[in-house]
Amino acid sequence: MKLAIVFGTRPEVIKVATVYLKAKEMGIDVKMIATAQHREMMDMMLGVFGISPDYDMNIMKKNQSLNHISSAVFLKLDEIIQKERFDWLFVQGDTTTAMTSALCAFNRGVKVGHIEAGLRSGNLKDPFPEEMNRRVIDQVSDLMFAPTKMSCENLKKEGHEEKRIVITGNTVVDALFYIRDKFDLKVIRESIVKEEDYILVTLHRRENWGEKMSNILKGIKRFSKETGKKIVFPVHLNPKVRKVVFEELEGFENALLIDPVNYVEFLSLLSSAAIVASDSGGVQEEAPSFGKFVVVCRNTTERPELIREGYGILAGTSEEGVYKALIKGIEEKLDGKNPFGDGKASERIISYILE
Ligand code: UDP
C-alpha cells in the first residue's frame with residue numbers, strides 16, 4: 001500500500017499531520033508532498049509536528065493567481081505521481097492545492113481520498129474559490145471522509161454513493177489533542193500575553209479582504225473599548241490582510257498585533273481567551289474543545305454544527321453585527337464538548353483504506 005498526502009497551506013498541515021503519523025504507525029508506505037502554496041506558514045506548522053516533506057514543489061510566487069497555483073501543481077505533481085505510482089492520494093479541505101492535486105491523481109488513475117469532505121455553503125461563489133474546490137474534489141474522490149453527520153448528508157443529497165462516504169470526525173480535533181497532551185499551554189500563553197480573557201482574533205478570508213474586514217475590525221475595536229478587553233491578533237501574512245488590520249488597529253493601546261504563531265502557541269492563546277472573533281474554518285472547529293464561543297465574521301458557514309450546538313454565532317461583516325455578536329457571545333457558558341470530532345478521525349481514515 002503506497003499513500004501520498006498532499007498539502008500546501010497552514011490548515012492543511014494541521015489537519016493531515018496526525019493522519020500521516022497514524023499511517024506510519026500502521027506500517028503504510030506514506031509520502032508527504034508539499035506544494036508550498038503558502039510557504040512560510042506551511043513550514044511553521046510542519047516544524048510543530050516534526051514532519052519534513054518527502055517532496056517539496058515550492059510553487060509559491062509573489063502575487064500568485066489561482067491559475068498559477070493550479071498549473072504549477074498539475075505539472076509538478078504529475079511527475080511525482082508517475083514516478084511513485086501511489087495506490088492512494090489524500091487531499092484535505094478546499095484549497096486550490098487540494099483541488100488540483102485531486103484532479104491530477106484522478107487523471108492518472110490514482111484513488112483519491114478527501115479528508116474533510118462534504119462541507120458546503122450552498123453557493124459556488126461564496127466562499128470563492130473554496131466551495132467550487134470542495135465540490136470538484138468530492139466528484140473525483142473514491143473515499144470521502146466526512147467529518148460530521150451533516151457533511152455526510154450534504155454528500156448524499158448530491159447523489160454520491162453511500163459506500164464511498166465515511167463519517168470520521170474532523171482530524172483537527174486529533175491534532176488539537178495531540179498538542180494539548182504534549183505541552184503546557186498556560187505557560188506558553190503567558191510567554192505571549194500575561195493576562196487572560198482577551199478577544200482572540202483571526203481574519204484572512206479572500207471574501208473579507210478590503211472594506212468588510214475594516215468594518216469587522218471596527219466592531220471588535222468598539223467592543224474592546226467598551227469592555228476594556230484586550231485584542232490579541234496573530235495577523236495573517238497576506239499583505240491584503242495586513243494592510244487593513246494595521247490601518248484599523250495599529251496604535252490602539254488595547255490591541256496586541258503579532259505575526260502568525262505556531263500551532264502550539266495558537267492553541268495556548270485559544271485556551272485562555274474570553275471569546276473568539278474569526279473567519280477561519282479551523283478555528284470554528286477547535287474553539288468548542290476549549291469551551292470558547294466563536295463570533296463568526298462571515299455571512300455563511302460550512303460548519304453549521306457550531307451554531308446549532310450553541311458554540312457560535314454568524315455575525316456577518318458589519319461593524320454593528322460583529323459588535324452585537326460579541327456582546328451576546330461573551331455571556332455564553334460552554335461545556336467543552338466538541339461537535340466536530342472525538343480525536344480518533346485519523347485512525348478511522350487509515351483503517352478504511354487498509355480494509
Ligand atoms: N492558526 C495557527 N496560528 C495562527 C493562526 C491560526 O496555528 O497564528 C491555526 C488555527 O489553529 C487553525 C488554522 O491555523 O487550525 C486555521 O488556519 P486558517 O484560518 O488560515 O485557515 P482555515 O481554517 O480558514 O482554512
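Atoms within each ligand, like the ligands themselves, are counted from 1 in listed order.
Proximity annotation for atom 21 (O) of ligand 1: of Pro127, Ala287, Pro11, Pro11 comes nearest, heavy atoms only.
Between Lys83 and Asp78, none of the side-chain N atoms (NZ, or NE/NH1/NH2) sits under 4.0 Å from a carboxylate O, so this pair counts as no salt bridge. Comment: Glu207 does not engage Lys212 in a salt bridge, judged by the lack of any side-chain N to carboxylate O separation of less than 4.0 angstrom. Classification of Arg135 and Glu131 as a salt-bridged pair holds, one side-chain N sitting under 4.0 Å from a carboxylate O. Salt bridge Asp142/Lys163: absent, no basic N to carboxylate O contact under 4.0 Å. Ion pair Glu25/Lys22 flagged as a salt bridge, since at least one NZ, NE, NH1 or NH2 atom sits closer than 4.0 Å to an Asp/Glu carboxylate oxygen.
Taking every heavy atom of Pro234 and a limit of under 4.0 angstrom, the matching atoms of ligand 1 come to 8 (O). The distance from ligand 1 to the heavy atoms of Arg205 drops below 4.0 Å at these ligand atoms: 24 (O). Numbered from 1 in the order shown, with element, the atoms of ligand 1 that lie under 4.0 Å from a heavy atom of Pro260 read 8 (O).
For ligand 1, one of its N or O atoms has an N or O atom of Val261 under 3.5 Å away. Residue Thr202 places no N or O, backbone or side chain, under 3.5 Å from any N or O of ligand 1. Between Asp279 and ligand 1, no N or O atom pair is found at a separation short of 3.5 Å. At a 3.5 angstrom cut-off on N or O pairs, Gly282 counts as close to ligand 1. The N/O atoms of Glu286, backbone and side chain alike, include one that comes under 3.5 Å of an N/O atom in ligand 1.
Checked by atom type and distance alone, the side chain of Arg164 pairs as donor or acceptor with a backbone atom of Ser141 at under 3.5 Å.
Within the structure, ring pair (Phe, Tyr, Trp, His ring centres under 6.0 Å) contacts touching residues 140-192 (residues at least two apart or in different chains) are Phe49-Tyr178, Phe90-Phe145.
Residues Gly316 and Val322 approach most closely at O-CG2, 3.8 Å, considering heavy atoms. Taking each heavy atom of His236 and Val241 in turn, the nearest pair found is CB-CG1, 4.0 Å.
Considering only non-hydrogen protein atoms, atom 4 (C) of ligand 1 sits nearest to Arg10 NH1, 3.1 Å. Nearest to atom 24 (O) of ligand 1 among the protein's heavy atoms is Gly281 N, 2.8 Å. Of the protein's non-hydrogen atoms, the one nearest atom 13 (C) of ligand 1 is Ile14 CD1, 3.8 Å.
Using a 4.0 angstrom heavy-atom cutoff, Glu285 does not count as in contact with ligand 1.
Every residue meeting the side chain to side chain contact (heavy atoms under 4.5 Å, CB included) condition with Glu211, not counting sequence neighbours, appears here in chain and number order: Asn215.
Contact annotation for Met45 and ligand 1: only side-chain heavy atoms (C-beta onward) come within less than 4.0 Å of the ligand. Contacts of Ser280 with ligand 1, taken as heavy-atom pairs under 4.0 Å, involve both backbone and side chain. The backbone and the side chain of Tyr263 each have at least one atom closer than 4.0 Å to an atom of ligand 1 (non-hydrogen atoms only).
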